[in-house]
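Here the structure is laid out as structure tokens; the discussion comes afterwards.
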Amino acid sequence: MANHRPLHLYEGREGEDLAAWLRDHPEVKVICRDRSSGYAEGARIGAPQAEQVADRYHLWANLGQAVEKTVNGHRSRLAEPPSEPADTPDEPQVVQLPTELKIVTRLREQHAAAHELWQQGMSKAGIGRKLGLHQATVRKLVNAPSADDVVAKSLQRALVVDPYVGYLHRRWNEGVRNATQLYHEIQEQGYPGGELAVQRHLRQYRTGRGHAPDPGPKPPSVREVTSWIMTHPEHLRDEDAGKLHRLRERDPELDRLTLHVRKFAVMMTARHGDRLEDWITEVERDSLAPLAGFARNLRRDFDAVRNGLSLPHSSGAVEGNINRLKMLKRQMFGRASLDLLRKRVLLAR
């Protein structure tokens, strides 16, 4: 950590291997590590005199995963409410879109069937055999409290034509119904897809007569919202900041989630590890299950996490050398002996 250069490369990746190496090096005073429980135990056994420091990068990455899981449970609430349509009696009748995608209908039926069997006392493995579903799919269906939680992701599935839907809608209402012509028009605007995707999108307008339905604003994706929450407010674009502000006004739980994340960010960047206990307690009392799980996990590794949020040590130099190590292994097609790999790691400049 002092000179940003690796000192040794030992064989093994278990906690016992680390403990064995540390016993031979009692001079070690600080151990920077990721969130692995195996390495935590190995460091405790092999170097009880050393302070363990949980890396801030991994803490932030783990927090981001918890935030994404929380936002994922709110997918159905991400869309902004539609504006009130203008009262125009002379407007041609709007085309009615197909009621539901086939995949959405199938997921709803599977969710209902899985929950019925689960309530009857059947195991998840038995449900999978009866419905012909993979165990992971059954687990996802049973753990979802409602069918909307299962189908929301399918409803938000991004299509290559999505950024051009507004233009296609306007041109259709102007009377242009030729898919090939519309395809060439959006191609000039940068559309990267093929004509077939345009035809599929327009097909829903051809099921009736009159104007195409106004698609309205597309809801943000789970990853977009997660990115807004995890970004410093001063670094957000004005447009994204406005969207996040409106989302927080509509959804109190996402508002509280954003506040928890920002408190953690201040604690991490300003080295306020002394606030960790209060932050964990506050999150555990909230109703945000994925974030509460992250907080409980911090409590299991409390001392190292508090050190990571208080001390200047970081594993950044280690992560860079890990990337370099992977590059060296690829250069030798993964067939180099440990002795040769160790020499290249330690001696190469």
Keeping the roles fixed (side chain from [X], backbone from [Y]), state whether a donor-acceptor pair exists under 3.5 Å.
X: R35; Y: A54; result: no
X: D251; Y: L247; result: no
X: D55; Y: D34; result: no
X: N143; Y: R139; result: yes
X: R335; Y: M332; result: no
X: Y10; Y: R13; result: no

Heavy atoms only: give me the nearest [X]-[Y] pair and the separation to one decimal.
X: A43; Y: L22; answer: CA-CD1, 3.7 Å
X: L78; Y: P219; answer: C-CB, 4.3 Å
X: A179; Y: Q199; answer: CB-CG, 3.8 Å
X: A197; Y: Y191; answer: CB-OH, 3.3 Å
X: D17; Y: G12; answer: OD2-CA, 3.3 Å
X: L141; Y: H111; answer: O-CD2, 3.4 Å

With a 3.5 Å cut-off and no angle check, do the side chains of [X] and [Y] form a donor-acceptor pair?
X: T281; Y: E277; result: yes
X: Y167; Y: E185; result: yes
X: R5; Y: N321; result: no
X: S337; Y: R342; result: no
X: N62; Y: H58; result: no
X: E249; Y: H245; result: yes
X: Q52; Y: R44; result: no

(request) Decide side chain to side chain contact (heavy atoms under 4.5 Å, CB included) for R33 and D301; before the verdict, give the C-alpha distance in whole Å, the side-chain angles of both, and the deciding distance to 0.1 Å. (result) CA-CA 12 Å; R33 59 170 176 83; D301 197 19; 2.7 Å; yes
(request) Please confirm whether K263 makes a cation-pi placement over W279, using NZ or CZ under 6.0 Å from the six-membered ring centre and within 45° of the ring normal. (result) no
(request) Report the C-alpha separation of R299 and R296 in whole Å, then their side-chain angles, then the decisive distance to 0.1 Å, and conclude whether the side chain to side chain contact (heavy atoms under 4.5 Å, CB included) test is met. (result) CA-CA 5 Å; R299 198 181 290 283; R296 285 191 297 271; 5.5 Å; no
(request) Classify the angle between the aromatic ring planes of W21 and H25 as parallel (below 30°), tilted (30 to 60°) or perpendicular (above 60°). (result) parallel
(message) Checking side chain to side chain contact (heavy atoms under 4.5 Å, CB included) between D240 and each of L244, L236, D238, which is the one that passes?
(response) L236
(message) So P233 and R262, do their side chains get closer than 4.5 Å, heavy atoms only?
(response) yes
Count I, L, V, M, F, W, Y as connected when their side-chain heavy atoms are under 4.5 Å apart, and connections chain through other members. Are [X] and [Y] then in the same cluster?
X: L338; Y: F333; value: no
X: V28; Y: V318; value: no
X: Y57; Y: F264; value: no
X: V53; Y: V305; value: no
X: V176; Y: L202; value: yes

(message) Could you go through R223 and E68, starting from their C-alpha distance and side-chain angles, then the distance that decides it, and tell me whether this counts as salt bridge (charged side-chain N to carboxylate O under 4.0 Å, His left out)?
(response) CA-CA 7 Å; R223 289 198 171 184; E68 185 171 352; 3.6 Å; yes
(request) For the pair D339 and R344, evaluate salt bridge (charged side-chain N to carboxylate O under 4.0 Å, His left out) and give the outcome as yes or no after the intermediate values. (result) CA-CA 9 Å; D339 290 339; R344 290 203 64 182; over 6 Å; no
Looking at [atom1] of [X] and [atom2] of [Y], how far apart are the two atoms once the value is rounded to the nearest 0.5 Å?
X: H74; Y: L257; atom1: NE2; atom2: CG; answer: 8.0 Å
X: H260; Y: I229; atom1: NE2; atom2: CD1; answer: 11.5 Å
X: R56; Y: T269; atom1: CZ; atom2: OG1; answer: 10.0 Å
X: R324; Y: K329; atom1: CZ; atom2: NZ; answer: 14.0 Å
X: L133; Y: I127; atom1: CG; atom2: CD1; answer: 9.5 Å
X: M122; Y: E116; atom1: CE; atom2: CD; answer: 10.0 Å

Quick check: are there more than 12 heavy atoms from other residues, nucleotides or ligands sitting under 6.0 Å from [atom1] of [X]?
X: E319; atom1: CD; result: yes
X: H8; atom1: NE2; result: yes
X: E11; atom1: CD; result: no
X: R246; atom1: CZ; result: yes

(message) I'd like to know if D278 and R275 make a salt bridge, using a cut-off of under 4.0 Å between side-chain N and carboxylate O.
(response) no
(request) Look at E174 together with R171 and state whether they make a salt bridge at an N to O cut-off of under 4.0 Å. (result) yes
(request) Check the pair H272 / L309 against side chain to side chain contact (heavy atoms under 4.5 Å, CB included), numbers first and verdict last. (result) CA-CA 6 Å; H272 289 307; L309 298 176; over 6 Å; no
(request) Before giving the answer on side chain to side chain contact (heavy atoms under 4.5 Å, CB included), spell out for V261 and W60 the whole-Å C-alpha distance, their side-chain angles and the decisive distance to 0.1 Å. (result) CA-CA 10 Å; V261 170; W60 190 249; 4.0 Å; yes
(message) Between S287 and R256, does the side-chain hydrogen bond (donor to acceptor under 3.5 Å, both in side chains) criterion hold? Intermediate values first, please.
(response) CA-CA 10 Å; S287 59; R256 298 199 307 273; 3.0 Å; yes
